[in-house]
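Remember, predicted model here, so these are calculated numbers, not experimental data. All chains are named by letter (A, B, ...) in the order of the sequence lines, taking the proteins before the strands, and each is independently numbered beginning at 1.
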Amino acid sequence: MITRFLLQGMNRSLRLFVLLVLAVGVALPLLNQLMPPGSPFHVPAWLLQLIGKYLSFALLALAVDLVWGFCGILSLGHGAFFALGGYCMGMYLMRQIGSRGVYGNPLLPDFMVFLNYKQLPWFWYGFDNFGFAMLMAVLVPSILAFALGWFAFRSRVTGVYLSIITQAMTFALMLAFFRNDMGLGGNNGMTDFKEILGFSVQADSTRAVLCFASALTLALGLIVSAAIVGSRFGKALTAVRDAESRMRFLGYRVEGYKLFVFVFSAAMAGIAGALYVPQVGIINPSEFSPANSIEAVLWVAVGGRGTLIGPVIGAFIVNFGKTWLTGALPEVWLFALGALFIVVTLLLPKGVVGLWGQIKARSQAKKARAPT
Amino acid sequence: MTDTSMRSTSALLYLSGVTVSFDGFKALNNLSLLVEPGEMRAIIGPNGAGKTTMMDVVTGKTRPDSGEVVFDGRADLTKLDEADIATLGIGRKFQKPTVFENHTVRDNLLLALSGLRNWYRLLLAMPTRAENDRLAEILSIIRMEEQQHMLGARLSHGQKQWLEIGMLLAQDPKLLLVDEPVAGMTDVETETTAQVLREINKTHSVVVVEHDMSFVRALDVKVTVLHEGSMLAEGTLDQVSADQRVVEVYLGR
Ligand SMILES: Nc1ncnc2c1ncn2[C@@H]1O[C@H](COP(=O)(O)OP(=O)(O)OP(=O)(O)O)[C@@H](O)[C@H]1O
Ligand SMILES: [Mg+2]
């Protein structure tokens, strides 16, 4: 039953793509660990870290695409779910520091000692346990998405109004997390992590495992998303996207469909955030910045909305461009981003994946026309 | 009150004193209408008479300002939403054909097929033998076996109309509301549609709105004439077309 469910959405190109993701996730860490540093085949740790980061962004993009590409809900607040997942991981990592902090307090993280906390706030309990923290990285974004979706979808808030609400949500969270009395590190956030599951977060071997874990999670995310999209539920979902009121007149409770993907997608974004934080070594309120959520939407638009491969490709292309440009010409990046947005909406409505489909169709048509 | 006595009539659809206004303009003005179980009713009337608005009220899309709308002698349709009303057994074909453009003809029918509606059931649902048989049956009734794997977006206007009728069949409602089914069809297609509707009427109640008089004549059923949101006349097509007020309304536009 479960395997049949999981396999129903897989087609050949997606299967190849999942294998590619896994191959990258296995090969890069192995080349880092097995090849000596002088060898031309050695993959440096910074590259592992970079690819691992991109992989977590790709998972976030996939989450955005599930709601936007397949259900027509343009969420401009997925960065918030990503950041909440990241904060849960950050809290775990903070509690692993223990007495090695600057103030040497065995229980309280440094920023709490600095702010004269006498005891650990209640919501920090349990976060010394990795399993609990990961559970929260999924649950906290899910619960927030459920609460927001419950009200919005029932009162039939759609289109640009929904986008504005989600954007307001991430903005409000950013302001809240900037405050010191939230007990979550204020504007400095959390950093100076030492260990994850007993392994140093700085070690190459840990980076290798994290990169692999990100690839594996992305592959799983692709498989489960494909199963959802390929099921009869998925057909109903795209029908809701294309003609919501028609679905209601057919007897479908549209809110239930939207709520499920919205919550599932938020959970996926939370996991992506939890993978991101140990690889970049910091989480702070700027992750909630509205621009982050908009950027994630752009990744999907560039790669190809409403496809599963598109968001992954889009996340890699845009972030590679960002890494390169912010290094080479930092002041140009924002303009490049804006230009990209215009080019994609005007010329590539189906993104890079759609372009690829067009080229293939054209060459096939040419072949068909050519005399044999 | 007379209301309660009327409610206990055998009528399948019962509208009484229904008024709908848009910014002060009364699209429906104290409209009353009775449709008996098993009946097919044709509704005619000039543009803007309120025919589509009447269907909007029955299907829960528009809430009336006042009046009663009762289905099957018990369900108060003014209190229910679209999905509830559809589940009770009222299906609708829209004036502007709306099929799912990014789904194949077959998937359009599958989505309309009565039965599964819960999202969690649909996640694991596999097509059953009975469902496939039913789809094959409907595809043959609407004569679209060959197009079953074609996307909705690629269908012609007439084919979309047919697909919508097929979706109604798949939904298998007690009452079908059909808004202008033959708009944009050729004479032959119009003739076939009339046949199909008469066939459907053997097992379902039907309310059909149409401007095409030859089509209404071919249906050969009781006709209700709407004008400015109220009922103007009711009877056979010959009776209503002999009515002086009806003639005026149609000539006057
Ligand atoms: N949502 C709305 N807002 C404002 N006015 C509306 C709305 N819906 C319908 N109307 C008006 O109500 C009147 C009745 O419209 P309706 O669509 O019911 O007419 P109809 O009998 O179906 O006409 P047609 O034969 O052209 O389809 C029209 O004057 C229309 O402009
Ligand atoms: Mg109309």
To the nearest 0.5 Å, how far apart are [atom1] in [X] and [atom2] in [Y]?
X: A:Phe233; Y: B:Tyr120; atom1: CZ; atom2: OH; answer: 12.5 Å
X: B:Trp119; Y: A:Phe260; atom1: CH2; atom2: CZ; answer: 5.5 Å
X: A:Glu244; Y: B:Glu82; atom1: CD; atom2: CD; answer: 9.0 Å
X: A:Leu250; Y: B:Met167; atom1: CG; atom2: CE; answer: 5.0 Å
X: A:Arg253; Y: B:Asp81; atom1: CZ; atom2: CG; answer: 4.0 Å

Where is the tightest heavy-atom contact between B:Gln171 and A:Phe249, given as atom of each residue plus distance?
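Closest heavy-atom pair between B:Gln171 and A:Phe249: NE2-O, 3.3 Å.
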Heavy-atom count check: over 12 atoms from other residues, nucleotides or ligands less than 6.0 Å from [X] [atom1]?
X: A:Phe264; atom1: CZ; answer: yes
X: B:Arg143; atom1: CZ; answer: no
X: B:Arg121; atom1: CZ; answer: no

Do the non-hydrogen side-chain atoms of A:Arg246 and B:Thr98 ever get within less than 4.5 Å of each other?
yes
Residue pair A:Tyr252 / B:Leu122, side-chain heavy-atom distance below 4.5 Å
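The answer is yes, as the side chains (C-beta and beyond) meet within the 4.5 Å cut-off.
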Less than 4.5 Å to any heavy atom of chain A: does that hold for the side chain of B:Leu116, its backbone, both, or neither?
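For B:Leu116, the contact with chain A is made by backbone and side chain together.
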Strictly distance-based, threshold 3.5 Å: is any side-chain N or O of A:Arg248 a donor or acceptor partner for the main-chain N or O of B:Asp84?
no
Mind ranking A:Ala239, A:Ala243, A:Ser231 by heavy-atom pairs under 4.5 Å with chain B and telling me who comes out on top?
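If we count pairs closer than 4.5 Å to chain B, A:Ala239 comes out on top.
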Side chain to side chain contact (heavy atoms under 4.5 Å, CB included) partner of A:Lys235, the single match among B:Asn108, B:Leu110, B:Asn102, B:Thr104
B:Leu110
Looking at B:Leu88, B:Leu168, B:Asn118, B:Asp107, which one has more heavy-atom pairs under 4.5 Å with chain A than the rest?
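Looking at each of B:Leu88, B:Leu168, B:Asn118, B:Asp107 in turn, B:Asp107 comes out on top.
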